[in-house]
Amino acid sequence: MIELYHVWKQYQKPSWALSDITLQVKKAEFCFVTGPSGSGKTTLLKTLFRELYPTHGQIIIAGKNIQRIPSSKIYELRRQMGIVFQDFRLIFHKRVFENVGLPLEVVGLPRKELRRKVFNALRMVNLHHKIWEFPSGLSYGEQQRVAIARAVVNNPSIILADEPTGNLDTELAFEIIALFREINRQGATVIICTHDKEIIRRFADRAVFLHSGKLIGKETF
Amino acid sequence: MIELYHVWKQYQKPSWALSDITLQVKKAEFCFVTGPSGSGKTTLLKTLFRELYPTHGQIIIAGKNIQRIPSSKIYELRRQMGIVFQDFRLIFHKRVFENVGLPLEVVGLPRKELRRKVFNALRMVNLHHKIWEFPSGLSYGEQQRVAIARAVVNNPSIILADEPTGNLDTELAFEIIALFREINRQGATVIICTHDKEIIRRFADRAVFLHSGKLIGKETF
Amino acid sequence: MRNFFSLTIICLSFLIIGLFLSLSNNLQFLARQLSENLAVVFFLEKDLSPAARTNVLERIRSSPPVEQVRFVSPEDALKRFRERFPQLQDVVSDLGTNPFPASVEVVLKDKTASSPDTLQFMNSLRDFPGVEDVQFNRDWVEKMKSLSRLARAVGYFLGGILILASFFTISNVIRLNVFARRNEIEILRFVGATNTFIRMPFVIEGMALGILGSLLSLALIYGVIRVFPLYLGASLGALQDIVNFRFLTLGQSLSLVFGGALMGLLGSLSSLSRFLKI
Amino acid sequence: MRNFFSLTIICLSFLIIGLFLSLSNNLQFLARQLSENLAVVFFLEKDLSPAARTNVLERIRSSPPVEQVRFVSPEDALKRFRERFPQLQDVVSDLGTNPFPASVEVVLKDKTASSPDTLQFMNSLRDFPGVEDVQFNRDWVEKMKSLSRLARAVGYFLGGILILASFFTISNVIRLNVFARRNEIEILRFVGATNTFIRMPFVIEGMALGILGSLLSLALIYGVIRVFPLYLGASLGALQDIVNFRFLTLGQSLSLVFGGALMGLLGSLSSLSRFLKI
Ligand SMILES: Nc1ncnc2c1ncn2[C@@H]1O[C@H](COP(=O)(O)OP(=O)(O)OP(=O)(O)O)[C@@H](O)[C@H]1O
Ligand SMILES: Nc1ncnc2c1ncn2[C@@H]1O[C@H](COP(=O)(O)OP(=O)(O)OP(=O)(O)O)[C@@H](O)[C@H]1O
Ligand SMILES: [Mg+2]
Ligand SMILES: [Mg+2]
């Protein structure tokens, strides 16, 4: 499903944020990416939804080399994906409802169905009572859960989540990961970046370990 | 040192973000605040450095009722404090060096001493090699450490840290808390909000537990 | 707040363009009035028979650059002379006879008043039988020509500067608007919006800003033109009839609004393109 | 990018004010030239002795509103008449004698040209021994008066609108600048900066923007005034001597720059205040 071949990424001259990453994630796999701060987890994820182009290397998703997709067609790739950003990326002048509904709105889903799906997604992250708030009226953990709800609202076949539980307490974090697990069981491929050893211990089928941009461990549990 | 008497805070009509918080933190105490997402930890901290005024109640810091300080004199309070914000609040068009040096620059510290102190603070958070980067060229964990370095650079007598390890791996998180512990041993009062049970288990003298804005547990370890 | 600001700037730009257009309308009108006063006088031979005189008159009247013709008999000329130069009354009465020849005063069509065609035509008429002399103030014509040239040059020059400045301002305001919302654009792209979907609201906003701004400025110009003469009031004095403030023509108003919409459209599209890359 | 934009807007605003000032300077100059052409003619009695004539001349010359005096002898008058009305040559030569009286042409001081004082003074001179008649085109004076009043009114009106608009624009641009950096202000306050410390860079930036903008606009105005006549070139024709483009006076330039600085200062301070609360 997701294949990386010899992917290198350099932001600035001397150091490499990613060096020679080769990695396959199969369809419906549940994969964690872990590693210390600054090891390249976010960079790796960003290359997968083409926020960044790798400096060298190939990335094949669902059989397609994503670097070859013209930027006017990239939406086709992203509509299959649910992305949780490390900095949430919510639209602050839109309500929680509208933020979560965004991936449905861009495909033109009928209003009624959109409302049902948004409400369901928010209930899954335990935030349906804040549906008409603005993100600025939420705590950080609540904002993060809005971002998670937005990522899962359109039943994507790929979920890329960057540190989705960094601002959540342990119980809630477990619930969220269990939610991803559930979606994964229904057929979605899930990649989660996390620091939380506890979560990896409890949930991981497979975890890859990054250090200074290098893949130094592929463990299958 | 820090005393709260019957502090209430309401953002919007029906619900209270803080209800009837009464709490004393003594000089040189090391206190954790914990509780689920949205329980009011950030709100509590914000009232302490007067980003927010409580709706009711008194907050006394170093013998002064901080609500009474005129806003043109509030800098005197804040110069005693080192604050780590949950969203870092770095200035993105200034380099790491300038960001960390800010609390020293505003008191007019000589350039040479400022440079020494900034470098020391960055070394403490293991980020001295990124001193001339801009925050946008850092990973989130690195940005968080910049925010921590800025909070400790001027040896404040009060440290208020909101989820300072949310984006850090366990080892680094322990190092950071150990750093706060060290500053605390030298006489500073430290209040840290965190979700991380592991950290509380290992480091806490005392932890207060919030739930829906209510103080429901004061434990002393 | 940002949109309010944009609207104000756009409105001010159009206000300035509009006021300028209206000024130039007024100047053009003034110039026309002045050139209508530009009369050419044909002095007829003294011993011309009435038939020949009618002939000459017809000949002049039917010439293309001629708008209006007035016959001035020797008696009229004498009367006018007396009125104009009262100190010379004695001189004329001393003469006993009327020394003035009959003349034909011709008003030229405004547009051709100072064209070389006209000048040439008039000179040719000098040799026409029955006409003794043609007089028209070459100096005056020259001045009118220069004045109209000056007005046009000032128009092109200042107008060009202002329109350029307004274009620059408006497209920058829209660029700023887009720039302020680049995060939103990015997020929309990440959730799978097509470029058209992203462009639409910006294009609509840009065009709405442009149209609203230009409409507002038209309203303001209209207000100024209505209020301004009242404010001048009696102080206008002798100029009251010349300075007849007029609004923009319908065509001008429409092209102002259309220009606003176009500018909004182009500004939005060009500012957006660079955020639709990643 | 935002500062570049602010600078452009401020510069444009001042450019417009400056061009307007310069235009009004030119108009004023033109009006002065026109009113210098406003001559009053005193016709002297025919049988005046040379002594009496000198007396009258002196009397006129020493009157306060009089700037310049020229004596026109009957011969001069005849010569001028012949030049002006060549068709009437016969009439005058038929007469044998010179019918024109001697006259004194008076140029009035510009400032008083149309004041009631002048009018009254001139009327009183009519009764002065040796002067037969005073002629001056009342209509012309009226028109000059109206024109200057009109120019002034247009000046106050448009100038007022433009200056208000510019003030609004500039202070808004600075407000936008401050608004864009409100996070930075907040952070500075949280790390213990005094309000003065926070204000200083904004105030400096605002004033720098104001000063730079106004200086830039002065340079542009200067450029326009130098280039514009070249562009007009020969087309000016007869008006070349009248339309003598002049730059702003030193005082005007200085107050433009000073106004820019002040606006920057006030704009910064007023925009800042609401972010210095928490
Ligand atoms: N935009 C950028 N420009 C330059 N360097 C960057 C940029 N983003 C990240 N880096 C650098 O690349 C390296 C990897 O960053 P990345 O964000 O992928 O780390 P991460 O594993 O996500 O860390 P964290 O757990 O702290 O979020 C870091 O050293 C970082 O400083
Ligand atoms: N600016 C605001 N306006 C309105 N409501 C707010 C605002 N900030 C927070 N709240 C609400 O107040 C409550 C407490 O928020 P607070 O940020 O203090 O929680 P927290 O304990 O810090 O949570 P987290 O661990 O998720 O950061 C939440 O229910 C939140 O929705
Ligand atoms: Mg990261
Ligand atoms: Mg919080």
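Excluded from the calculations below are hydrogen atoms, water molecules and symmetry mates; all remaining heavy atoms, backbone and side chain alike, are included. A note on names: the letters A, B, ... follow the listed sequences, proteins ahead of strands, and every chain is numbered from 1.
Rounding to the nearest 0.5 Å gives a distance of 9.5 Å between CD1 of D:I221 and OG of D:S214.
No part of B:K73 comes within reach of chain D, as not one of its non-hydrogen atoms sits under 4.5 angstrom from that chain. Looking at D:F197, the atoms closer than 4.5 Å to chain B (heavy atoms on both sides) all sit in the side chain, from C-beta outward. With a threshold of 4.5 angstrom between heavy atoms, D:I187 approaches chain B through side-chain atoms but not through N, CA, C or O. Of the atoms belonging to B:I74, it is side-chain heavy atoms, and not backbone ones, that fall under 4.5 Å from chain D. Heavy atoms closer than 4.5 Å to chain D are found in the backbone of B:L90, but not in its side chain. Within the 4.5 angstrom heavy-atom criterion, only side-chain atoms of B:F85, from C-beta onward, approach chain D.
Contact annotation: the side chain of D:V257 approaches that of D:L215 to within less than 4.5 Å [non-hydrogen atoms, C-beta and beyond].
Chain D forms more heavy-atom pairs under 4.5 Å with one residue of B:M81, B:K94, B:H93 than with any other, namely B:H93.
Between the side chains of D:N195 and B:S72, not a single donor N or O lies within less than 3.5 Å of an accepting N or O.
Under the 3.5 Å distance criterion, the side-chain polar atoms of B:R79 are left unmatched by any main-chain donor or acceptor of B:E76.
The 12-atom threshold is not exceeded at OH of D:Y222, counting heavy atoms of other residues, nucleotides or ligands nearer than 6.0 Å.
With salt bridges taken as basic N to acidic carboxylate O contacts below 4.0 Å, one links B:R89 and B:E51.
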